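Note that the structure is a prediction, hence the values are computed from the model and not measured. In what follows, every heavy atom counts, from backbone to side chain, and hydrogens, waters and symmetry copies are set aside.
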Amino acid sequence: MKNKACVTIIGGGVVGSATAYYLAKNGLTDVVLLERDYLSSGSTGRCGGGIRQQWSERMNVRLAMRSVEHFKNFEREVGLNIEYFQGGYLLLAYTEEEEALFKKNVAMQQEEGLDVVLLSREETVRKFPFMNLEGLKLSAYCPSDGHANPHLTTFGYARAAEKMGVNVLTHTDAKRVLVENGKIRTVVTDRGEIETGIVVNAAGGYSHQAGEMVGLNLPTESYRHQIFVTEPLEHILDPLVISFVNNFYIRQTGSGNFIMGQGDRDELPGLEITPTWKFLKEMSDKMPRFFPFLKDVRILRHWAGLYNMSPDAQPIIDRSNEIEDFYFAIGFSGHGFMLAPAVGEALAEWIVFGEPRSVDISNLSLQRFERGFTREKNVV
């Protein structure tokens, strides 16, 4: 392994891999990407793979729209088919409060140039007759939303970065970061030391612990989030469907399997990723009420990962004021995969050129929590 690098990235998920790729693409190839297990073994490889541009906060809309441009061109740009499919997202509103919020969100999203529409209950029923939409007020539909394979996306970025000279080290655990007079000197791993001046914290569910390595108390907490996948059925569902009030999302894969998940409102912060019977019972009881065809479908696999939450459920993309050249892209609150291309691009530009050039991320700084903030509401 290299014992010296200009930039060391902690975390081999999609955010770390995308940052490595865009650093190399912008001419900075003296980079080491560290992953303590295998690439995408953490939150990236355990997510549902959705790619959504429908958010309640404008910054998330802009990041997502920029990312979609990269996802659309991924195979041509990066060189790997990531099973990207623009089947849309369908967001379901069941309360008057949600109805008002959806109308407000869609107006803002359309101002940002997003192709998104509101559908009445009747229009939604006609478009999706196989769903039970009793009690629905309206829905929001964006046809350019979609999904892709998170593993392939991560592998694509990492392999392309390697070809340009980046050193990707899997099964290499970052243990400590040595700092002298506010400057980073060395990253100590379980395989040796790397002399480095710039460190990127892209550690996903372990972002808080990575911050502690340099003495920072970053405001992120991780929560277990669970998903299961069913046996394959004939393809009938193009969009990923979400209900925030009923706490679920579901999509159908290209091979016909249904992937679905929910958040547990009783979950306490921690690093536990053992799946639970409670989740299986709740989802098995709930989902056939909205999708009657699921009643007798068998579950094939069930797993859990970590949502790394920030106080406002938006990512924190910043450079430390206390530790020189310590960057972080953390707190994605379950949405790191879909925002990763734009975030990796912006972070790489910041490191190489001194400022992000492709998208303005200034309002995602750590200091926003001192000034006051609004919370992203479109989170399951």
Side-chain angles (χ1 to χ4, degrees), residues 46-54 83-95 98-99 102 116-151 225-265 275-305 334-335 337-338 378-380:
R46 299 167 187 269
C47 76
I51 298 167
R52 167 161 56 106
Q53 302 160 97
Q54 297 181 70
E83 301 171 358
Y84 179 57
F85 176 64
Q86 287 184 297
Y89 258 61
L90 181 71
L91 278 56
L92 307 175
Y94 283 92
T95 67
E98 273 196 319
E99 183 178 14
F102 277 30
V116 57
V117 295
L118 289 169
L119 302 176
S120 68
R121 180 184 181 279
E122 293 70 27
E123 290 172 319
T124 311
V125 170
R126 283 198 298 271
K127 196 172 183 67
F128 305 99
F130 49 83
M131 294 171 54
N132 174 15
L133 296 170
E134 181 181 356
L136 183 75
K137 298 289 187 182
L138 53 76
S139 65
Y141 177 67
C142 176
S144 62
D145 288 340
H147 53 81
N149 186 312
H151 293 286
H225 188 96
Q226 302 182 61
I227 299 178
F228 67 56
V229 61
T230 72
E231 64 183 321
L233 299 179
E234 180 182 352
H235 190 89
I236 61 170
L237 184 65
D238 281 343
L240 190 152
V241 181
I242 293 181
S243 170
F244 301 111
V245 164
N246 295 296
N247 187 27
F248 72 77
Y249 61 85
I250 180 173
R251 75 171 177 92
Q252 191 171 19
T253 69
S255 56
N257 312 78
F258 284 87
I259 293 176
M260 61 196 82
Q262 68 171 16
D264 186 344
R265 296 182 173 103
T276 67
W277 284 105
K278 176 188 175 185
F279 170 83
L280 281 178
K281 179 69 168 61
E282 289 178 355
M283 290 294 285
S284 298
D285 289 343
K286 176 169 61 178
M287 297 309 289
R289 297 203 306 269
F290 300 94
F291 302 88
F293 59 86
L294 291 175
K295 184 175 183 297
D296 297 316
V297 175
R298 291 172 292 185
I299 298 168
L300 297 185
R301 194 162 62 90
H302 170 206
W303 67 91
H335 311 110
F337 172 62
M338 59 187 75
N378 285 4
V379 177
V380 177

Exercise for the section: May I ask you to check whether Glu282 and Gln262 show a side-chain donor-acceptor distance below 3.5 Å? Expected result: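 The criterion, which ignores hydrogens and geometry beyond distance, is satisfied for Gln262 and Glu282.
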
Problem - Donor + acceptor pair across side chains of Gln54, Asn378 (<3.5 Å) - result: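 Side-chain D/A pair, Gln54 to Asn378: absent.
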
About how many Å separate [atom2] of [Y] and [atom1] of [X], when rounded to the nearest 0.5 Å?
X	Y	atom1	atom2	value
Ile299	Arg301	CD1	CZ	12.5 Å
Arg121	Leu133	CZ	CG	6.5 Å
Phe291	Ile236	CZ	CD1	9.0 Å

Practice task
Could you tell me how the ring of His302 sits relative to the ring of Phe279: parallel (under 30°), tilted (30 to 60°) or perpendicular (over 60°)?
Solution key: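 Because their plane-to-plane angle is under 30°, the rings of His302 and Phe279 count as parallel.
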
Problem - Chi angles and distances behind the side chain to side chain contact (heavy atoms under 4.5 Å, CB included) call for Phe293, Leu233 - result: CA-CA 10 Å; Phe293 59 86; Leu233 299 179; 4.1 Å; yes

Between [X] (side chain only) and [Y] (backbone N and O only), is there a donor and an acceptor less than 3.5 Å apart?
X	Y	value
Asn247	Gly263	yes
Gln252	Leu237	yes
Ser139	Leu90	no

Practice task
Would you check if the distance from the ring center of Phe130 to the ring center of Phe290 is below 6.0 Å?
Solution key: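 No, too far apart.
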
Handout entry: 4.5 Å side-chain heavy-atom contact, Pro150 and Phe337
Key =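 Side chain of Pro150 against side chain of Phe337, heavy atoms only: contact under 4.5 Å found.
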
Exercise for the section: Determine, stepwise, if the pair Leu294 / Met260 fulfils side chain to side chain contact (heavy atoms under 4.5 Å, CB included). Expected result: CA-CA 11 Å; Leu294 291 175; Met260 61 196 82; 3.9 Å; yes

Practice task
Would you mind telling me which of Glu123, Glu122, Glu99 makes a side chain to side chain contact (heavy atoms under 4.5 Å, CB included) with Leu138?
Solution key: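 It is Glu99, the one option of Glu123, Glu122, Glu99 that forms the side chain to side chain contact (heavy atoms under 4.5 Å, CB included) with Leu138.
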
Handout entry: Sidechain N-carboxylate O distance under 4.0 Å for Arg251, Asp238
Key =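 Here Arg251 does not pair with Asp238 in a salt bridge, since their nearest N and O are not under 4.0 Å apart.
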
Practice task
Mark yes or no: Lys286 above the aromatic ring of Phe248, with NZ or CZ under 6.0 Å from the six-membered ring centre and no more than 45 degrees from the axis.
Solution key: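 Relative to the ring axis of Phe248, which defines the angle, Lys286 lies outside at least one limit.
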
